[in-house]
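All chains are named by letter (A, B, ...) in the order of the sequence lines, taking the proteins before the strands, and each is independently numbered beginning at 1.
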Amino acid sequence: MAKKISNSFSNKELLGFYEKMFLIRKFEEKAGQLYGAGKIGGFCHLYIGQEAVVTGILSSIQSEDTVVTSYRDHGHILARGVDPKYVMAELTGRKDGISKGKGGSMHMFSKANRFYGGHGIVGAQVPIGVGLAFAHKYRNEKKISRVYVGDGAMSNGQVFEAFNLASLWSLPVLFIIENNRYGMGTAVNRSAAGKDLYERATVFGVEGEKINGMDFFEVSQAAIRARDHIYENSMPYVIEMDTYRYRGHSMSDPATYRTKNEVNEMKSNDPLISMKNKLMKDFKIKEDEITDIEASIKKQIKEVEKFSLESPLPELNELFTEVYL
Amino acid sequence: MNILLPALSPTMEQGNLVKWLVKEGQQVNSGDILAEIETDKATMELDSPDDGIIQKIIVEEGTENIPVNSPIAVLKVEGEDEDSSSISIVEEKSTKNHANISNDIKSTSVSMSSIFNNQVADDKNWTEIEITMREALNNAIAEEMELDEDVFLLGEEVAEYDGAYKVTQGLLDKFGSKRVLDTPISEHGFTGLAIGAAMAGLKPICEFMTFNFSMQAIDQIINSAAKSLYMSGGEINVPIVFRGPNGAAARVAAQHSQCFVSWYSHIPGLIVVAPSNARDAKGLLKSSIRNPNPVIFLEHELLYKEKANVPSENDFLIPLGKANVINEGSDLTIIGFSMSVHRILSVLPEIQKLGLSPDIIDLRSIKPLDEECIYQSVKKTNRVVIVEDGWGNTSFGSHLSYLIQSNCFDYLDSEIIKVSGKDVPMPYAENLEALALPTKEEILSAVKKVTYKN
């Protein structure tokens with residue numbers, strides 16, 4: 001498996017993906033700390049543990065492709081290349097935030113980076129993402145819309161409607177089900193009847209598969225398979241990612257619905273550690289190279305933190321702007 | 001750096017240190033669990049903010065009621081000064097003084113000037129033909145689709161069936177199945193899809209077979225279409241028109257007979273339009289399609305067959321947010337929109353028989369509202385009757401009477417009377433249905449009351 005991937009990506013590219021994962025991990029840890037310090041308010045859903053999903057998918061994305069996700073969106077907007085300082089400044093509710101402090105953790109967008117949110121209503125991003133795919137097809141663009149959806153949203157009616165429309169109209173969309181096993185505090189087996197969640201799309205003629213979402217290489221291979229399938233068949237595709245969030249649903253969730261053993265077991269499978277080990281073992285990348293990258297990210301996060309706390313609150317006049325264009 | 005007791009929920013003010021999982025002198029990595037903290041809700045884990053050595057434990061385990069943000073340990077981070085804490089070192093430049101909001105703020109309301117501006121005046125010598133509102137809407141869609149490749153139409157039965165109410169007749173033949181799409185009966189899904197397409201820059205016209213079915217999709221309309229521009233800091237606009245018949249038709253009973261003017265005009269970020277005649281319908285729909293914001297375009301089934309003289313030029317537009325005074329008078333102001341305008345006009349002869357000449361205002365746009373036109377009229381006539389088909393409870397008409405009394409208080413010579421639909425689900429029986437809507441008698445009686453003609 002490693003050999004096959006090594007044909008696709010140079011060591012430099014692989015290090016780039018590791019760097020992205022590490023950036024997301026450190027960014028989220030910092031966000032958690034700033035929340036604890038009272039600098040971030042409201043709801044704050046961290047992505048720690050799931051980094052291999054968004055980074056593996058990233059390895060298959062063309063820059064013109066579009067992405068849309070739910071409220072757990074910090075990792076996704078960082079993966080799309082938005083400068084983390086603007087994302088953190090949004091979390092602290094400041095003028096320099098990516099949404100000028102008017103959106104917050106759950107509502108971040110970047111047209112320049114083809115990132116269409118950041119949607120706070122469970123499931124709402126799925127028909128929206130199918131609409132992005134509709135626009136790609138309408139304009140004869142060779143683009144794919146990537147739509148992330150959590151396991152919790154998979155019982156939401158509009159998600160089924162979106163699968164139907166995507167298949168019916170042969171739209172270029174990849175559905176990525178991030179099954180982190182709990183929709184807030186409810187385990188998947190207590191909310192979803194039937195077997196695997198991705199089968200909820202296959203009944204509409206959307207082909208798909210379930211994979212280990214804790215491993216960058218497995219995700220990357222599946223993402224590339226999916227991309228090729230969409231290009232070749234002009235049809236949507238679905239991948240269910242078996243993944244895990246280390247933290248609670250949001251910052252104020254003590255996660256008493258799962259055992260410490262379960263969390264520790266999943267942590268022993270950590271996507272960053274396993275990727276790092278593979279880079280050293282299978283790709284002969286020196287540890288120094290990796291630790292240099294880690295050190296520079298840690299330094300960057302300190303600057304990001306500083307920026308996000310020094311940026312002023314939005315001007316009061318901002319209250320009444322951008323309601324209409 | 002100091003490790004501070006974190007706030008683990010928005011309401012937490014103090015916590016208990018249940019257990020330390022590290023010792024002084026221990027090497028820790030960023031993200032390692034350092035301690036268990038008990039909050040008002042639960043026991044949570046505290047992770048290390050950085051790589052370093054636990055230099056000192058300040059607060060012993062078992063300590064209760066520790067205030068949030070007080071130091072509980074010291075972490076020695078390599079390359080960092082003894083006393084520096086990356087969190088506390090940064091003094092916030094932004095102050096938390098919210099006291100002077102009303103003094104500091106320059107504007108106290110949403111600017112809709114961009115909607116009012118940039119619109120063509122309706123004053124040319126047009127070539128007019130007499131057509132129905134159904135044809136006028138059809139022409140508006142066809143013209144805008146001709147002019148702009150990004151405009152497309154989707155909805156139930158809009159294509160092969162030619163539209164449930166024949167508004168979209170012939171458009172499939174003209175523009176093909178790429179731009180005129182029959183959807184499944186799947187409002188939540190296709191509305192969300194249309195909004196996503198609009199976010200990507202297309203200009204969908206999303207037809208609801210009737211607006212009653214928009215409730216299936218109301219989350220997408222409000223939470224996605226209306227709010228995205230604001231919550232993206234101006235990044236994502238949603239140029240979309242939601243259109244279809246609204247209000248009570250004839251004998252279709254409770255679930256298919258209701259007016260959504262009050263519902264949608266409540267929402268910041270939406271434009272709401274409700275034309276009463278074919279001419280306005282064409283000009284307003286074309287303006288709506290060209291507008292970069294989400295527009296709720298409320299038609300009325302019973303008016304589809306009504307004819308008017310309508311300009312056939314494709315640059316004929318009626319500006320959004322401009323009311324039309326359809327009868328000029330001096331004794332009172334009667335305000336309506338869509339179907340209620342016709343109810344008002346049907347009692348005009350009897351009003352005139354009383355020796356009264358009313359200003360009759362057809363609002364055309366509910367949001368933005370042409371307040372200037374309304375206040376100008378009220379300041380002239382000093383008496384107001386509002387007629388709306390929708391339920392009167394917390395209605396648009398109620399808000400309108402508030403606006404009038406607060407802006408024209410010194411000019412009013414009488415109470416404002418609002419004639420609304422009755423506060424009941426729409427009944428099926430013909431006589432009860434007629435009674436549930438504003439009646440001629442009620443309008444006339446309101447007119448008499450505000451003019452003291454009783």
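Ring geometry, His45(A) versus Tyr71(A): the interplanar angle falls from 30° to 60°, so the pair is classed tilted. Ring geometry, Phe163(A) versus Phe175(A): the interplanar angle exceeds 60°, so the pair is classed perpendicular (tilted spans 30 to 60°).
No part of Ser250(A) comes within reach of chain B, as not one of its non-hydrogen atoms sits under 4.5 angstrom from that chain. Residue Gln216(B): no heavy atom, backbone or side chain, is found under 4.5 Å from chain A. Within the 4.5 angstrom heavy-atom criterion, atoms from both the backbone and the side chain of Thr183(B) approach chain A. Only the side chain of Met44(B) has a heavy atom closer than 4.5 Å to any heavy atom of chain A. Contact annotation for Arg247(A): only side-chain heavy atoms (C-beta onward) come within less than 4.5 Å of a heavy atom of chain B. At a 4.5 Å heavy-atom cutoff, the contact between Asp253(A) and chain B is made by backbone atoms alone. With a 4.5 angstrom heavy-atom cutoff, Asp150(B) touches chain A via backbone and side-chain atoms both. Neither the backbone nor the side chain of Ile40(A) comes within contact range of chain B; no heavy atoms are under 4.5 Å apart. Interface remark: Ile267(B) contributes backbone atoms only to the contact with chain A (heavy atom separation under 4.5 Å). For Glu235(B), the parts lying under 4.5 angstrom from a heavy atom of chain A are both the backbone and the side chain. Interface residue Leu168(A): only side-chain heavy atoms are found under 4.5 Å from chain B.
Note on Lys260(A) versus Glu36(B): salt bridge recorded, some NZ/NE/NH1/NH2 to OD/OE distance being below 4.0 Å. Note on Lys302(A) versus Glu305(A): no salt bridge recorded, every NZ/NE/NH1/NH2 to OD/OE distance being 4.0 Å or above. In summary, Glu51(A) and Arg245(A) do not engage in a salt bridge, as defined by a charged side-chain N under 4.0 Å from a carboxylate O. A salt bridge does not link Arg94(A) to Glu310(A): none of the charged nitrogens lies less than 4.0 Å from a carboxylate oxygen.
Options Glu90(A), Glu318(A), Arg139(A), Lys95(A) differ in how many heavy-atom pairs under 4.5 Å they form with chain B, and the most are formed by Arg139(A). Annotation: maximal heavy-atom pairing with chain A below 4.5 Å, among Ile195(B), Leu181(B), Asn223(B), occurs at Leu181(B). Interface remark: of the candidates Ala217(B), Ala7(B), Pro268(B), Ala7(B) forms the most heavy-atom pairs closer than 4.5 Å to chain A. Contacts with chain A were tallied for Glu187(B), Arg179(B), Glu45(B), Glu149(B); Arg179(B) has the most, counting heavy-atom pairs under 4.5 Å. Interface summary for chain B: among Gly103(A), Gly123(A), Ser145(A), the most heavy-atom pairs under 4.5 angstrom belong to Gly103(A). Considering only heavy-atom pairs separated by less than 4.5 Å from chain A, the leading option among Ser48(B), Ser232(B), Pro6(B) is Ser232(B). When the candidates Asp47(B), Val68(B), Asn237(B) are compared by the number of heavy-atom contacts under 4.5 Å with chain A, Asp47(B) comes out ahead. The choice from Ala135(A), Gly104(A), Cys44(A), Ala133(A) that makes the most heavy-atom pairs within less than 4.5 Å of chain B is Ala135(A). Taking chain B as the reference chain and counting heavy-atom pairs below 4.5 Å, the highest number among His136(A), Lys298(A), Gln158(A), Met108(A) is found for Gln158(A). Of the listed residues (Thr256(A), Thr66(A), Val130(A), Leu132(A)), the one with the most heavy-atom contacts under 4.5 Å to chain B is Leu132(A). Among the candidates Pro254(A), Gly118(A), Ala112(A), the residue making the largest number of heavy-atom pairs closer than 4.5 Å to chain B is Pro254(A).
A donor and an acceptor atom, one from each side chain of Arg200(A) and Ser155(A), are located under 3.5 Å apart. Side chains of Asn317(A) and Glu315(A): no donor on one and acceptor on the other come within 3.5 Å. Residues Tyr246(A) and Asp270(A) bring a donor and an acceptor atom of their side chains to less than 3.5 Å of each other. For the residue pair Tyr264(B)/Ser214(B), the side-chain donor-acceptor check at 3.5 Å is satisfied.
Ring centers of Phe109(A) and His119(A): under 6.0 Å apart, within the cut-off. Note: Phe134(A) and Phe152(B) meet the aromatic proximity criterion, with ring centroids under 6.0 Å apart.
The cationic atom of Lys178(B) (NZ for Lys, CZ for Arg) lies less than 6.0 Å from the six-membered ring centre of Tyr138(A) and within 45° of the ring axis.
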